[in-house]
Structures are given as structure tokens and as C-alpha cells.
There are 2 protein chains.
Amino acid sequence: MISHMARSTSRQLSTAAERREVVLRTAIGTFAARGYYGTTTAEVAKAAGISQAYVYRLFPDKESLFVAVIEYCSVRMREAFADAAAKATGSDPGTVLEALGEAYARLIVDRDLLLVLMQATCAASEPAIRDAIRASYAREVEYVRAVSGASDEAVQHFVARGFLCNTLTAIRADEVDAPWARILLTGIRHY
Amino acid sequence: MISHMARSTSRQLSTAAERREVVLRTAIGTFAARGYYGTTTAEVAKAAGISQAYVYRLFPDKESLFVAVIEYCSVRMREAFADAAAKATGSDPGTVLEALGEAYARLIVDRDLLLVLMQATCAASEPAIRDAIRASYAREVEYVRAVSGASDEAVQHFVARGFLCNTLTAIRADEVDAPWARILLTGIRHY
DNA sequence: GATAGGAGTAATTAACCACTCACACTTTGC
DNA sequence: GCAAAGTGTGAGTGGTTAATTACTCCTATC
């Protein structure tokens, strides 16, 4: 069993688990731009550096792949929140929420991670995707509430602000030089 | 020239302008569910009660059609805001914003109108669509700011809350019986 | 009442896409 | 060193889709 754990550098082929991880990581970029319906499995395969046929060895179908990408993004987002909460300078709700907001702003650098979750929201007419994105929001809201101890109203406001960030990221509002864009971007850190 | 204005009831065929209007109105429902990439021109045609080929007589291509739908939704939203502002009981920023929020909540009954604008945001990687949705947000923000006279911060907060509503509508959060859903739905009227 | 132009469609096309299959190569266990 | 299991692909397949074409029918005008 120990020999099973051989590092990939000692092998010429990757293990399926490693490949799955690569596919999930690289598929974020392809799904972020054109969403579930607009992204082809060939694009996903190319981004991961494998054949399109092998995508179907790693995931049963496109929908399962997309759901796995949603969960991957959801986990990474909560990791970022956990890091931020651990490093927060105080433990009162305001300070913790501030730290989480900072972490969210840093996630925007990626762009793609947040956009995938927004794309998942837009593809929620598919039951399996709706379940996955609901579960993602459920964990996120519950985590923010528990770690910050903030009021329901403050948590709601935090989430709403996050959705505003997502939208501004999707339309690249930071490239627009106009009053409306400045109003919406006010106080939103973007590195 | 006057005879050109013959009412449609006196004709067996519609004028192209009337058909275009019908297509835009009914296409909202189809684009709302699965977005730009996930909706076929055949579905749009069926919803409008015309052949798929005729969609291409009325609009040069699918992208132009979707852009026209975005603009149609954008106009209808601003009409709803204008109605609400005219009926507001007071003229101070808080009262007007309250009235606009009420109008937005009533738009959610439609569901589809708001969802189309969210779908457009998600399809913003297409330059023409990005331009259209940016223009829509520009007009909306400018209108809300001008009619309410509210501060930049209040306008931003109003828009963020709108995006929260859109997301909750997309995932049908009102059908979820869980704490996280109640937190996000608190204070959000849905008729 | 003929005719020009607009309304409308059935049928088709070329490209594309999700998904499959037969097959080849690599690694592991014994 | 060999068989079983695992990694990986080229070459499809059947169905779908955006866009076109060639055509019919309707309506206004003179």
C-alpha cells in the first residue's frame, strides 16, 4: 500500500487523482469565461493538457465535471476565509468581517474563482447545478456567520457586497472610466 | 403613408416591428433560464410562435437578438423605477430609494426580467454583450442617483442589494428551508 | 387586377459538440 | 517476467445548432 504513494516524479504517467486535480484547477479558467453551456469539454481538455476523451475517464459527464469545479471553488474560497479569520487582529464581528472582506478582495485577483460561482448561479436551472451552488452558499454563509459572530443583517450585507464584486468583475468595471463605475467601485479594493 | 399604420387586427400578417416586439418579449423567458449560450434560436422562435428562419429575418444574428433583449429589459426596468419614483410619498433620498426598492421587489415577480440581466453579466466575455450590459448598468445607476439624490454610498448599497435579490431568485432561495437562506432573504420582499 | 415588395416558412447546410470505443502504452503485484 | 490493472489517445458517432436558401403567400398601391 505504501508503494501506492509513489511521488508523481518517479512516474511517467500521473495518477487519476492527480489528473482530476489538474482538470479542476485549469477548468476554472474555461468555465469562468463562458459558463456551463458556453464551455466545451474540448476546451477543458486542452486547458488541462489531456485529450478530450480522457476527460470522460475522469468525470462521468460534463455536468458532473462542472459540479466538481463548483465544489473545488467553494472549498478554495472557504480556505481563503479560514486563513483570513485566523490572521484577524481582533475577534469582534466587525474586525473579523473586515478581514474576510480583505480575503474576498484578494480572491478577485484570480477573477476566475468568483466568476465560476456566478456562472454556476446562472446555470441553476439544471437541478444538479442548483443543488451544488446552494450547498456552496449554505457553507459560505454558515461559515461567515459562525467565525465572525456577526448579526444576520451584517452577514447579509457582507454577502450582498460580495455579489456586487462578482458583477463588477464580470463586466470589468475597473476598465470603465465613468461616474457610475466609480460609484459602484467605491470602497471596493481591487489589487 | 397613413395607411401604412393599419392596425394589426385588420391584417392577417403582423408588421415586422410588431413581430420584433413579440420576439423580444417572449425571448426574455427563454434566455432567463439558460442564458445566451444555453438558449437556441429554435426555442426563441417557438416561444414567439414563429419559425426559426424568421428569427433571422428580424435580427441579423443571435448575438444581436440577445443584445436587443438586454436593452428591452433595461428599458422596462427603468420604466418600473420611473413609475415608482413618481408615486413616492416624499422626495428625500431615503423615501425615494425605498420606493425604488419596492419597485425592484415587484419586478422579481417576473423573475425573468432580472435574470436576463444577470445572464447578460455572465456572458460579458462577448464584447458586444459586455457593452450592452455596461450601458444598462450605467443608465440604471445614473437614473437611481439622479432621481433619488442619494449619496454614492447609498446608491452602491441599493445596487448591491439588487444583485443579492437576483442571485437569490436564480437559485430559488425562497424554496430552501434553512438558516442560511433565511439570513439572506431577511427584509427582502418577495410577493 | 397586376405587380412590387413585405411576411413567413420548409428544407438544408456546414460546423460543432457530448460522448463512446477500440486500442496502445505504463505500472504494479507476484 | 508476466498478467492484471491503470493511464491515455485517435478516430469516430449521432444528434444539435446557427445561419442560409429557395420558395409561397399576403398586402398595399396605382
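Proteins come first, then strands; the chains are lettered A, B, ... in the order of their sequence lines, and each starts at number 1.
What separates NZ of K46(B) from C1' of dG8(C) is a distance of 19 Å, to the nearest Å. Atoms CG (L65(B)) and P (dA19(D)) sit 10 Å apart, rounded to a whole Å. Separating the OH atom of Y54(A) from the P atom of dT7(D) is a distance of 5 Å, rounded to the nearest angstrom. As rounded to whole Å, 13 Å separates atom P of dG8(C) from atom CZ of F59(B). The nearest whole Å value for the distance from the CG atom in L58(B) to the C1' atom in dA18(D) is 16 Å.
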Could you list the donor-acceptor pairs under 3.5 angstrom formed between side-chain atoms of residues 79-87 of chain A and any protein atom two or more places apart in sequence or on another chain?
none

Base versus backbone protein contacts along nucleotides 14-21 of chain C [heavy-atom cut-off under 4.0 Å; B, S, -]: ---SBBBB

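Residues satisfying the side-chain hydrogen bond (donor to acceptor under 3.5 Å, both in side chains) criterion with D61(A), sequence neighbours excluded, are S64(A). Every residue meeting the ring-ring contact (aromatic ring centres under 6.0 Å, His included) condition with F66(B), not counting sequence neighbours, appears here in chain and number order: F31(B), Y36(B).
Evaluation of the side-chain hydrogen bond (donor to acceptor under 3.5 Å, both in side chains) test over residues 93-105 of chain A, restricted to residues two or more places apart or in two chains, returns D92(A)-T95(A), E102(A)-R106(A), E102(A)-R189(A), E102(A)-Y191(A), Y104(A)-N166(A). The stretch residues 172-181 of chain B participates, sequence neighbours left out, in these side-chain hydrogen bond (donor to acceptor under 3.5 Å, both in side chains) pairs: D177(B)-R182(B).
Taking the side chain as every heavy atom from C-beta outward, E71(A) and R139(A) approach each other to under 4.5 Å.
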